[in-house]
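Here, residue 1 is the first one in the sequence, and each next residue gets the next number. Because the structure is predicted, anything quoted here is derived from the model rather than measured.
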Amino acid sequence: KDKLHILVSNHMLKGDFTMRKIGSILLFIFLTGLFTGLFFSTCLSTKNTEALSALLLTGITTSKTGFLQSFLTSLLTNFMLFFLMLPALLSRCLCPLPPLVLWYKSFAIGFCGLVWMGARSHVLLFSLLHILPQNLFLIPGFFLCALAVLSSSLQNSHRRYAAGRPFAGNSVLPTHSGGRHSAPAGASHAKSSLLTKDRLLPLLIISSLLLAAGSLTEAALRLAALSPS
């Protein structure tokens with residue numbers, strides 16, 4: 001039992017370490033997309049910057065859509081990206097999807113720097129009231145979803161590979177005394193898999209709630225911008 005407990009603990013620690021490594025890589029990808037978006041927005045000509053700024057500002061401040069329609073539109077947009085990450089759970093070949101979606105979202109956030117440049121008279125106020133609040137929910141939501149899906153996909157593919165190797169489950173613990181330890185090895189492997197699956201679903205639920213909160217905040221801010229001052 002002590003050996004089984006140690007083995008399960010090692011599996012859990014290894015999984016946590018893997019998630020930390022993947023989280024560091026995703027953080028680098030997010031920052032790369034963010035600064036790439038800022039770089040491209042600053043490389044635009046003054047005329048193009050003013051035109052795009054006016055277009056985005058008009059869409060935010062003069063839209064005729066109500067609160068419910070704004071909320072549903074934002075929710076649909078964010079959850080389309082959310083569901084685009086999920087196929088990575090089915091195959092390791094689809095593992096690039098979560099990092100790509102995260103990079104795209106960070107690039108879009110960075111590219112909105114052109115909106116700040118187009119609103120030179122109230123840059124700080126505009127960004128604090130109409131851009132920053134929803135991203136306080138959306139950025140952690142997308143990051144958490146990408147982390148959960150990518151780490152689970154890589155661990156599942158590793159388990160399928162290990163399960164296909166002959167004697168992979170019996171090589172961890174000694175097999176003397178009539179092979180009495182071979183069953184606990186398989187049991188510990190199944191238990192570690194169960195722990196990973198039990199961890200995946202709560203992370204996806206939390207990330208979806210964060211995206212819903214971001215969409216709600218965005219719709220509320222748009223309603224506040226449209227209301228007469």
Considering all heavy atoms of both residues, which atom of [X] and which atom of [Y] are nearest to each other, and what is their separation?
X	Y	answer
Cys95	Leu150	O-CD1, 3.5 Å
Phe40	Phe107	CD1-CE1, 3.9 Å
Phe71	Ala212	CE1-O, 3.8 Å

Non-neighbouring partners of Leu209 that pass side chain to side chain contact (heavy atoms under 4.5 Å, CB included), sequence neighbours left out: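 If we apply the side chain to side chain contact (heavy atoms under 4.5 Å, CB included) test to Leu209, skipping adjacent residues, the hits are Ile205.
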Working for side chain to side chain contact (heavy atoms under 4.5 Å, CB included), residues Val149 and Leu203: CA-CA 9 Å; Val149 172; Leu203 290 178; over 6 Å; no
Any pair counted as side-chain hydrogen bond (donor to acceptor under 3.5 Å, both in side chains), so long as it reaches residues 98-109, sequence neighbours left out: none
hydrophobic_cluster_shared for Leu94 and Leu147, side chain cutoff 4.5 Å: no
Connected via hydrophobic side-chain network under 4.5 Å: Leu100 and Phe142: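 No, Leu100 does not connect to Phe142 through the hydrophobic network.
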I'd like a table of donor-acceptor pairs (distance under 3.5 Å, sequence neighbours excluded) in which one partner is a side-chain atom from residues 25-38, with atom names and distances.
{"residue": "Thr32", "atom": "OG1", "partner": "Phe28", "partner atom": "O", "Å": "2.7"}
{"residue": "Thr36", "atom": "OG1", "partner": "Thr32", "partner atom": "O", "Å": "2.5"}

Just distance, no hydrogens or angles: give the donor-acceptor pairs under 3.5 Å from side chains in residues 76-89, sequence neighbours left out.
{"residue": "Thr77", "atom": "OG1", "partner": "Thr73", "partner atom": "O", "Å": "2.9"}
{"residue": "Asn78", "atom": "ND2", "partner": "Ser74", "partner atom": "O", "Å": "3.0"}
{"residue": "Asn78", "atom": "ND2", "partner": "Ser74", "partner atom": "OG", "Å": "3.4"}
{"residue": "Asn78", "atom": "ND2", "partner": "Ser215", "partner atom": "OG", "Å": "2.9"}

CA sep, side-chain torsions, deciding dist, call: Leu138, Leu211, side chain to side chain contact (heavy atoms under 4.5 Å, CB included): CA-CA 5 Å; Leu138 296 178; Leu211 296 183; 4.0 Å; yes
Distance in Å, Leu144 CG paired with Ile206 CD1, rounded so as to fall on 0.5 Å steps: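 If we round to the nearest 0.5 Å, Leu144:CG and Ile206:CD1 are 6.5 Å apart.
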Pairwise distance CD(Gln134) to CG(Leu210) - rounded to 0.5 angstrom: 14.0 Å
